[in-house]
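Input: a single structure, listed below in structure tokens.
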Amino acid sequence: MKTCARLLDVLAPLGPYWPDFLTPKQSEDGLDSGLDALMSTPRGRLRGELERLALHRRLPGWINNIAVGDVPTLTGMGTAMRAYHEVAIAPYHSLIQAAVAADRAQRGRDLLERGAEGLLTGMSTIMRWKPPVLEVSYDIDSELHLRGRGITFVPSYFCQRTPVTLGDHELPPVLIYPIEERFRWAQATSGGRGVEALLGGTRSAVLLTLATSATTTEVARALQISPASASRHTTVLREAGLIVTCRDGAAVVHTITPLGAALLNGRLPVAS
């Protein structure tokens, strides 16, 4: 475990830069897909991004093995990252997923109810919208020009203080932002009360995941449960009136209802 932590401390420091190959887009499909993409990073990109990292901190000699794409070293890096995930991330996956889903649901409501201006205004504590420029505070001065490409906002449980983006501005634009503190520990401090006590841990996590629409497969992938289990949970939630299910082309999409949202937010009406 110490070896894993030491490796990640070198490759992914607190800031101001870490290699983009550590956060491949394929990781949205799960740990295995992300690690496969990382292991397949072209040598030229490995070398270029590690040279950029070396501008910000002194690197140990073994980094050269990664830079040249040495297969045993890359395999060891993947093994170390998987081991770290199993010890430090996996045991808290439900907590992390629930917190991120709650923040994403809040942003979704802001966007639906007040448009893009309302969404960005709601994030004023971590960024400043001065049309047509979005400003964030960071350790290095940099400008990211979208050139009509749009930008994807990604809520992060581990991002701290200020949003960050990819170092290579030619990659698809992404802004990773820290979720609100009120969501970060809400599930951990509930003491088993509320939605989890009522629905159970997994089913409450499914409901939180559906705070933004998702298919059964997406729910299963997000919570690392089987599609059959995800289907059973969505069936129960639908029968309880907490979600609705509609077909969108070939996909079957689940969406939370106002009743489900009220349950998540603790705003259920009390009978007189």
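Any value given below was found using the heavy atoms of this structure, including those in side chains, with hydrogens, waters and symmetry copies removed.
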Checklist entry - Can you list the steps and then say if Arg238 with Val244 is a side-chain contact (heavy atoms from CB on, under 4.5 Å)? => result CA-CA 6 Å; Arg238 182 172 58 253; Val244 293; over 6 Å; no
Item to check | Check against side-chain contact (heavy atoms from CB on, under 4.5 Å), Leu8 and Tyr84 | outcome: CA-CA 9 Å; Leu8 295 176; Tyr84 185 86; 3.5 Å; yes
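- Annotation: side chain of Ile126 is in contact with side chain of Pro178 (closest heavy-atom distance under 4.5 Å).
- A donor-acceptor contact shorter than 3.5 Å is absent between the side chain of Ser204 and the backbone of Leu199.
- Across all their heavy atoms, Pro163 and Met127 have their closest contact at CG-CE, 3.8 Å.
- Of all heavy-atom pairs between Leu35 and Gly78, the closest is CD1-O, 4.0 Å.
- To the nearest 0.5 Å, the span separating CD1 on Ile256 from CG on Leu208 amounts to 7.5 Å.
- Val68 and Met39 fall into different hydrophobic clusters, where Ile, Leu, Val, Met, Phe, Trp and Tyr side chains are chained together by heavy-atom contacts under 4.5 Å.
- At least one side-chain heavy atom of Phe153 sits under 4.5 Å from a side-chain heavy atom of Leu120.
- Put simply, the side chain of Asp70 does not reach to within 4.5 Å of the side chain of Asn64, judged on heavy atoms.
- Under a hydrophobic clustering in which Ile, Leu, Val, Met, Phe, Trp and Tyr are joined whenever their side-chain heavy atoms come within less than 4.5 Å, directly or via other members, Leu146 and Leu171 fall into different clusters.
- For the pair Tyr17/Leu53, a side-chain contact is recorded, criterion being any heavy-atom separation below 4.5 Å from C-beta on.
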Next on the checklist: Between Asp103 and Tyr157, does the side-chain hydrogen bond (donor to acceptor under 3.5 Å, both in side chains) criterion hold? Intermediate values first, please.
Outcome noted: CA-CA 10 Å; Asp103 187 276; Tyr157 189 89; over 6 Å; no
Next on the checklist: Checking Thr245 against Thr234 for the side-chain contact (heavy atoms from CB on, under 4.5 Å) test, could you report, in this order, the C-alpha distance in whole Å, the side-chain angles of both residues, the deciding distance, and whether it holds?
Outcome noted: CA-CA 9 Å; Thr245 301; Thr234 55; 5.6 Å; no
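- Considering CG of Asp36 and OG of Ser27, their distance stands at 11.5 Å, rounded to 0.5 Å.
- Comment: Lys25 engages Glu28 in a salt bridge, judged by a side-chain N to carboxylate O separation of less than 4.0 angstrom.
- Between Pro173 and Arg149 the shortest side-chain heavy-atom distance falls below 4.5 Å.
- Closest approach of Thr216 and Ser231 over heavy atoms only: CG2-N, 3.7 Å.
- Once rounded to the nearest 0.5 Å, the distance linking CG of Leu166 with CH2 of Trp18 reads 9.0 Å.
- Side-chain N or O atoms of Asp110 include none that pairs as donor or acceptor with a backbone N or O of Gly122 at under 3.5 Å.
- Put simply, the side chain of His169 gets close to the backbone of Glu143: a donor and an acceptor are under 3.5 Å apart.
- In this structure the side chain of Pro91 never reaches within 4.5 angstrom of the side chain of Glu86, judged on heavy atoms.
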Next on the checklist: Working note: Thr202 + His233, criterion side-chain hydrogen bond (donor to acceptor under 3.5 Å, both in side chains); need CA distance, chi angles, decisive distance, verdict.
Outcome noted: CA-CA 8 Å; Thr202 302; His233 288 303; 4.9 Å; no
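- Considering CG of Leu223 and CD1 of Ile225, their distance stands at 5.0 Å, rounded to 0.5 Å.
- The main-chain N or O of Leu111 is never found under 3.5 Å from a side-chain atom of Arg114 such that the two would form a donor-acceptor pair.
- Of the N and O atoms on the side chains of Thr215 and His254, not one donor lies less than 3.5 Å from an acceptor on the other residue.
- Each of Val71, Leu74, Thr73 was compared with Asn65 under the side chain to side chain contact (heavy atoms under 4.5 Å, CB included) criterion, and only Thr73 meets it.
- In this structure, Thr152 contributes its side chain and Val174 its backbone to no donor-acceptor pair below 3.5 Å.
- Side-chain contact check for Ile179 versus Ser156: every heavy-atom pair is 4.5 Å or farther apart.
- By the rule that hydrophobic residues join a cluster once side-chain heavy atoms approach within less than 4.5 Å of another member, Leu134 and Val154 end up as members of separate clusters.
- Residues Ile176 and Thr165 are not in side-chain contact: their nearest non-hydrogen atoms beyond the backbone lie 4.5 Å or more apart.
- Scanning both residues, Val100 and Pro155, for their nearest heavy atoms gives CG1-CG, 3.7 Å.
- For the side-chain hydrogen bond (donor to acceptor under 3.5 Å, both in side chains) condition, the pairs that include at least one residue of residues 39-60, sequence neighbours left out, are Arg45-Glu49.
- Atom-to-atom distance recorded for Asp32:CG and Gln26:CD is 13.0 Å, nearest 0.5 angstrom.
- Each of Val253 and Val219 belongs to its own hydrophobic cluster when Ile, Leu, Val, Met, Phe, Trp and Tyr are linked at side-chain heavy-atom distances under 4.5 angstrom.
- Criterion: ILVMFWY side-chain heavy atoms under 4.5 Å apart, direct or through other members. Under it, Trp129 and Leu119 are part of a common hydrophobic cluster.
- Scanning both residues, Ile66 and Leu46, for their nearest heavy atoms gives O-CD1, 3.3 Å.
- Minimum heavy-atom separation, Gly167 to Asp20: N-OD1, 2.9 Å.
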Checklist entry - Can you check side-chain contact (heavy atoms from CB on, under 4.5 Å) on Leu11 and Met77, steps first, answer last? => result CA-CA 10 Å; Leu11 289 176; Met77 179 175 64; 3.5 Å; yes
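- Heavy-atom neighbours of Tyr138 OH from other residues, nucleotides or ligands within 6.0 Å: above the threshold of 12.
- Rounded to the nearest 0.5 Å, atoms CZ (Arg107) and OH (Tyr177) are 5.0 Å apart.
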